[in-house]
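Read through the structure below, which is laid out as structure tokens, and then see the notes.
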Protein chains: 2
Amino acid sequence: MKKDYNISLSLRINIGNDTVLASGKVELLIKIKEMGSLRKAAEEMKMSYRKAWFSIHKINNLASETVVVLKRGGKNGGVATITDYGNSIISQYISLRKDVDIFISKNSSKYDFNK
Amino acid sequence: MKKDYNISLSLRINIGNDTVLASGKVELLIKIKEMGSLRKAAEEMKMSYRKAWFSIHKINNLASETVVVLKRGGKNGGVATITDYGNSIISQYISLRKDVDIFISKNSSKYDFNK
DNA sequence: AGCCGTTATTCATTTAAAGGAATAACGAAG
DNA sequence: CTTCGTTATTCCTTTAAATGAATAACGGCT
């Protein structure tokens, strides 16, 4: 019986054994950039604020430089900002991801895991 | 501060949302092939027999054809055998994995996640 | 029939991850 | 000095995953 298999490549940027960036985190960062708010970004992704906060905390601690600056209080209650470094690694990740996708589409046709 | 980041691509062969093959399962299958025994393969991988058994059960159920034939009783107490189809997808996975590794080494140098 | 080493399966326990609720802290603006 | 919406953090509960122990089932061999 033929089955509809598919090949997936997941891309991770690690430091040691810890993941700084993978698809989920990148998505979260982009949402933060769009909304300027961690809470709203989390909401948009149907993720608890708590989880999102831990996620950002981890990224900031691991990476070479700060990726997201969080400020509380003030005009809109607080604000979340992506740093220049943050924007840099986001676009690098996206660019590399595109290359990966091209690689998959070029190579996967050579294989047939049904036989 | 410069950190020693690394880029990892994990390769998965899925059917729908379920993973038939990924690096850990392939390693287990190879050990089974070497030893002819699920128990010994699990032991070698420092994995509980229980977990290994579930793993194989899942692979066999998901894949197009049987990948591992398990028999109990008999000369050596029992035996685990990789089918022709099993050997085929193992070598396909390894071959594709090699291509992926080459791709990584060619592309990762273009990126610097420290800046 | 009994032995042996493996496969097959259940049950209870432990450990880890995820989630939710609640509340404090903050600072601009009115 | 109060309000407002967000960030920050704790505590408890729930859910899921991993582990371990124990035991049955099997079949060639002596």
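The chains referred to below are lettered A, B, ... by the order of the sequence lines, with proteins before strands, and numbering in each begins at 1.
Applying the 4.0 Å criterion to OP1 and OP2 of C:dC26, one finds that A:K71 has every side-chain N and O outside that range.
Considering NZ of A:K25 and CD1 of A:I32, their distance stands at 11.0 Å, rounded to 0.5 Å.
A:Y111 and B:D99 share a donor-acceptor pair across their side chains, judged by distance under 3.5 Å alone. For B:S88 and B:Q92, the side-chain atoms include at least one donor-acceptor pair closer than 3.5 Å. Defined by atom type and a distance below 3.5 Å, a donor-acceptor pair is present between the side-chain atoms of A:R12 and A:T19. Remark: the B:T66 side chain and the B:T83 side chain contain no N/O donor-acceptor pair separated by less than 3.5 Å.
Separating the CG atom of A:N60 from the C1' atom of D:dA8 is a distance of 14 Å, rounded to the nearest angstrom. In this structure, CH2 of A:W53 is placed 18 Å from P of C:dA24, rounded to the nearest angstrom. Protein atom OH of A:Y49 is 16 Å distant from nucleotide atom P of C:dA24, rounded to whole Å. One interatomic measurement links the two molecules: CZ of B:R72 to C1' of C:dC4, which rounds to 15 Å at whole-angstrom precision. With rounding to whole Å, A:R39 atom CZ is found 15 Å from C:dA24 atom P. B:E43 places its CD atom 13 Å from the P atom of C:dG5, with the value rounded to the nearest Å. Atom pair B:N76:CG and C:dC4:P shows a separation of 15 Å (rounding to whole Å applied). One interatomic measurement links the two molecules: CE of A:M35 to C1' of D:dG5, which rounds to 15 Å at whole-angstrom precision.
In this structure, A:K98 does not pair ionically with A:D101, as no charged nitrogen and carboxylate oxygen lie closer than 4.0 Å.
When all heavy atoms of A:S64 and B:F113 are compared, the closest pair comes out as OG-O, 4.2 Å. Residue B:S8 comes nearest to A:N14 through the heavy atom pair OG-ND2, 3.5 Å, listed as atom of the first residue, atom of the second, then distance. Nearest heavy atom pair, residue A:I90 against residue A:V26, reads CG2-CG1, 4.4 Å.
Mapping A:G78 and B:G77 onto DNA chain D by nearest heavy atom places A:G78 at the nucleotide closer to the 5' end.
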Per-nucleotide protein contact along nucleotides 10-21 of chain C, 5' to 3', at a 4.0 Å heavy-atom cut-off (B base, S sugar-phosphate only, - neither), is BB-------BBB

Nucleotide N/O to protein N/O under 3.5 Å, stretch nucleotides 28-30 of chain C:
{"unit_1": "C:dA28", "atom_1": "O4'", "unit_2": "A:K75", "atom_2": "N", "d": "3.3"}

